[in-house]
Every structure is written in structure tokens, then in C-alpha cells.
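The structure appears right after this line, and notes come after that.
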2 protein chains.
Amino acid sequence: MQSIDDAECRRFTSTVEVIGRRWSAGILLAIARDAARFSEIAGAVDGLSDRLLAQRLRELEADDLVVREVIATTPVQVRYHLTASGVDLMRVLEPLVEWEQRWRPSPAAGESAE
Amino acid sequence: MQSIDDAECRRFTSTVEVIGRRWSAGILLAIARDAARFSEIAGAVDGLSDRLLAQRLRELEADDLVVREVIATTPVQVRYHLTASGVDLMRVLEPLVEWEQRWRPSPAAGESAE
DNA sequence: CTGGATCCCTATCGATACTG
DNA sequence: CAGTATCGATAGGGATCCAG
């Protein structure tokens, strides 16, 4: 490990940025938890507006992390679920949750007032 | 696993967003690769401006991922390196690199034209 | 060398209103 | 229910100049 490989750096960056976008992580987490309907996801992620949800969903689709399934009922039902790579991504991100618990134990409970 | 835990969702989101910010991942990767000087990091991450580097560095410091070490030479030398949590974060992010290799093999070499 | 300050531009966000 | 269209506000980003 000596000099930075531009390609790897850029790839690393771009992937992190995809899920790092404002609400992406929350949306993925919601879907991973079986929130399939548009309104379910909207309800699960606090503070997320319809517009942003739709936008993020399209980005996530473009990134092949989420698939959109349209069911021809009345009214039309739309269900979202993770793709294989999406599931794998969430699995890969699990250690990150452990990292948070290890290094960010109490977000609001200040133990050292600065 | 039924309803979304707001706290966990928010924590997950916030952590991902920290490193998801525009250049953070590249900067962390550069420092993890022993790019300690300001100019070294700037040179390692292609396209990154001084202003943004300084800004990201401050954010990373605030997040306790990076420490700033000032050495009183002439001129003043400043070295950056990862904290314990920063090192651990990079370790935790390694599976993500593997994920990229697994699902994003060729960024530009299109094999399935859509 | 290591940044801080400023200007300006663009992308992005959030709220509201509207449609199939 | 599942979005889209539009709008104003804000924040992020790039370039440039300047200072310790």
C-alpha cells in the first residue's frame, strides 16, 4: 500500500456516496425490514418527503439495489424490494452498525460535555 | 423485525452520511494509505480542492476519525492520521470494497448495453 | 506549506399543489 | 395509493486571492 490508486479511490468514493445520499441508507434499511409499499417506506423513515423518496427510489433502482414491482390491482399497488446486490450490501453494512455501537454508543446522552 | 426503529435508522443514516459526504471516503482512504501531509492528501485525491479538503478534514476531526498533529518546524508541518475509530472504520469498510468488486466489476466497460 | 475568506453558481432540499 | 410539477430557500462546491 503505497500510492493511491485513483480508480479504486473513485470507485470506493462513488459507492459510499450512493448510499451516503441524504435518505438512501434509511430507505434501504426500511426496505430490508420489509417495508415494501411506498407509503410504508415514507412512514418508516421519519422526515422523508414524498418527493425525495421517489427520487431516491429511482436512484436506488438505477443502481440496481432496489427493484420496483407494479401489481395491477385497483388501485395499482407498487412494491419495492432489494435486489441480490442490495441484500448483499446490507449484509456488508452490518459491521458498520456494530462499529456505531462500538464508537458511537450514546448519540444524545452526553457523557463529556464539551 | 417489524417496524423501523427510528433511533437506529437515524444513527445508521448519520454515520453513512458522514463518510458519504463528497470527498470524505477518498480522504480517509488516502490517510489510511499513509498520506499524512495536507498536500499529500490533496495530491492523492484527484479533483479535490484545498478548500474542500480543509473543510472535510475539520468534519472528520469533529467526528473523531482523524487527528491533526502540528509539528513546530519551519514552516509549520501538519500531519493527519486516523484515530482508533478511524482505523476501525476503514477495517469495517473493507467488505464494502469486496462488495464493489463483486457487483461493480467494470465501471466503464459496459457488458450489457441498456 | 497550510489553510482562511470571499464570490458566485449550481445542485439539492422541503413544502405545497396536483394527477392517474 | 403512488407519485409528478413547480417554486423558493439553502447548502455545497469551485475558483481565486490572501495570510501565518
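For the numbers below, each heavy atom of this structure counts, side chains included, while hydrogens, waters and symmetry mates do not. The model shown is predicted, which means the values in this text are computed figures rather than measured ones.
When the nucleotides D:dA2, C:dG14, C:dT2 are ranked by their closest atom to the side chain of A:S39, D:dA2 comes out on top.
When heavy atoms are screened at a 4.0 angstrom cut-off, A:R21 is found touching the sugar-phosphate backbone but no base atom.
When all heavy atoms are compared, the tightest approach of B:Y80 to B:I31 is O-CG2, 3.9 Å. When every heavy atom of A:D46 is checked against every heavy atom of A:W23, the shortest pair comes out as O-CZ3, 3.4 Å. Closest non-hydrogen pair, B:A36 versus B:I41, comes out as O-CD1, 4.1 Å.
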Go along nucleotides 15-20 of chain C 5' to 3' and tag each nucleotide: B for a protein heavy atom under 4.0 Å from its base, S when only backbone or sugar atoms are that close, - otherwise. B-----

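To the nearest 0.5 Å, the span separating CD1 on B:I71 from CZ on B:R79 amounts to 5.5 Å. Of the inter-residue distances, the one linking A:R91 atom CZ with A:L93 atom CG reads 10.5 Å to the nearest 0.5 angstrom. Considering OG1 of A:T13 and CZ of B:R21, their distance stands at 15.0 Å, rounded to 0.5 Å.
In this structure, B:L53 atom CG and C:dC1 atom P are separated by 13 Å, rounded to whole Å. Atom CZ of A:R79 is separated from atom C1' of D:dC1 by 13 Å (rounded to the nearest Å). Put simply, CD on B:E40 is 8 Å from P on C:dT2, counting in whole angstrom units. Distance, A:L52 CG to D:dC7 P: 18 Å, rounded to whole Å. Across the protein-nucleic acid pair, A:I41 atom CD1 and D:dC1 atom P stand 13 Å apart, rounded to whole Å. One can place CG of A:D46 at 14 Å from C1' of C:dG14, the figure rounded to the nearest angstrom. In this structure, the CZ atom of B:R37 is 13 Å from the C1' atom of C:dG3, given to the nearest Å. As rounded to whole Å, 14 Å separates atom C1' of C:dT2 from atom CG of B:L48.
Contact check of residues 54-61 of chain B against DNA chain C (heavy atom, cut-off under 4.0 Å) returns B:A54, B:R58.
In this structure, the side chains of A:M90 and A:L82 come closer than 4.5 Å at one or more pairs of heavy atoms.
Contact between the side-chain N/O atoms of A:W23 and the OP1/OP2 oxygens of C:dT12 is not found at any separation under 4.0 Å. For the OP1/OP2 pair of C:dG3 and a distance below 4.0 Å, the side-chain nitrogens and oxygens of B:Y80 include at least one atom meeting the criterion.
Between A:R104 and B:D63 there is a salt bridge, with a side-chain nitrogen of the basic residue lying less than 4.0 Å from a carboxylate oxygen of the acidic one. With respect to the salt-bridge test (charged N to carboxylate O, under 4.0 angstrom), the residues A:E59 and A:R56 qualify.
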